[in-house]
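As C-alpha cells, the structure follows; a few thoughts come after it.
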Amino acid sequence: MTEFERAVYEAVKRIPEGNVSTYGQIARSAGYPGAARAVGNALHHNPDETNVPCHRVVNASGKLAKNFGFGGPEEQRRRLMAEGVYVMDLTVDLNDYGIDDSELSKY
DNA sequence: AAGTTGACGACGA
DNA sequence: CTCGTCGCCAACT
C-alpha cells in the first residue's frame, strides 16, 4: 500500500451517500491534483479493502467506469441506484448528484 | 533505469 | 454530441 493509494481511499470514503464524485476531484482532494488517471489505477487493483465506496466515483462526464472490477458497470449502477442516485445508460447527472470540491476537503 | 499502461481530463475540430 | 490528441501521474514490466 503506497502513500498515494492511502490518500486516494481516504478521499473516496469522504463521498457522502447519495452523491458521486469524479476521479479528478478525488485526486485533488487526496492532495495529488492532476493524478486522476493514477486514481483510477489505484482503485482498480483495490476493489474495496475497507469498504471504499468506489461505486460513487465516475469520470468527468458522469459516465461509469467501463472496466469496473466487481461485475462491470452494471454492478456499479445498481449500487448507485440503491443509494438514490439515478443512473441512465451508465451515466450520472453530475449537476444533480455531483458534489463540490469543498464537500470533500472539509475536514 | 526506461518504456508502457490505464477505473482520466481538457480542448479543438 | 462524437471523435482524435495531448497532457498527467503513479504503478508495472
Side-chain angles (χ1 to χ4, degrees):
Chain A
M1 172 77 64
T2 65
E3 186 60 28
F4 169 73
E5 294 173 315
R6 188 188 63 66
V8 171
Y9 302 138
E10 288 303 305
V12 175
K13 287 181 189 172
R14 295 186 213 128
I15 306 175
E17 185 177 304
N19 283 110
V20 298
S21 185
T22 68
Y23 293 93
Q25 212 167 16
I26 292 301
R28 284 192 296 275
S29 178
Y32 295 78
R37 223 165 178 170
V39 169
N41 249 319
L43 289 181
H44 180 62
H45 75 72
N46 225 50
D48 52 354
E49 185 167 321
T50 53
N51 304 324
V52 179
C54 46
H55 56 280
R56 295 186 194 148
V57 185
V58 299
N59 61 34
S61 307
K63 204 81 166 84
L64 302 192
K66 53 184 175 186
N67 297 329
F68 195 67
F70 284 100
E74 305 173 18
E75 184 58 25
Q76 183 175 9
R77 171 181 155 313
R78 289 202 329 163
R79 292 193 181 192
L80 288 172
M81 292 294 274
E83 297 184 2
V85 178
Y86 195 69
V87 182
M88 177 151 305
D89 191 43
L90 302 182
T91 305
V92 176
D93 188 335
L94 292 177
N95 202 38
D96 291 338
Y97 306 102
I99 62 181
D100 192 79
D101 272 35
S102 54
E103 292 296 313
L104 288 174
S105 45
K106 64 173 184 184
Y107 267 105

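Scope of the values below: all heavy atoms of this structure, side chains included, with no hydrogens, waters or symmetry mates. Reminder, nothing fancy here: chain letters follow the sequence lines and each chain counts from 1.
Closest contact between the side chain of A:T2 and the listed nucleotides C:dA11, B:dG6, B:dA7 involves C:dA11. Distance from the side chain of A:A60 is smallest for B:dA10 among the nucleotides B:dA10, B:dA7, C:dG7. When distances run from any side-chain atom of A:F68 to the nucleotides C:dA10, B:dA7, C:dC8, the shortest one goes to B:dA7. For A:Y23, whose side chain is taken as the heavy atoms from C-beta onward, the closest listed nucleotide among B:dG9, C:dA10, C:dC8 is B:dG9. Of all nucleotides listed (B:dA7, C:dC9, C:dA10), C:dA10 comes nearest to the side chain of A:F4. Listed nucleotides: C:dC8, B:dA7, C:dA10. Nearest to the side chain of A:H44: B:dA7.
Between A:E75 and A:R78 there is a salt bridge, with a side-chain nitrogen of the basic residue lying less than 4.0 Å from a carboxylate oxygen of the acidic one.
Judged by distance alone, the side chains of A:D89 and A:T91 never bring a donor and an acceptor atom under 3.5 Å apart.
Checking the phosphate oxygens (OP1, OP2) of B:dG6, no side-chain nitrogen or oxygen of A:N41 falls inside 4.0 Å.
If you check every strand for non-hydrogen atoms under 4.0 Å, A:A65 touches a base. Using a 4.0 Å heavy-atom cutoff across all strands shown, A:A36 reaches sugar-phosphate atoms only and no base atom.
Position along DNA chain C of the nearest nucleotide to A:G34 versus A:H45 favours A:G34 as the more 5'-ward residue.
With a cut-off of 3.5 Å on both Watson-Crick or G-U wobble distances, the partner of B:dA7 is given as none.
Whole-Å rounding puts the A:R37 CZ to C:dT5 C1' distance at 11 Å.
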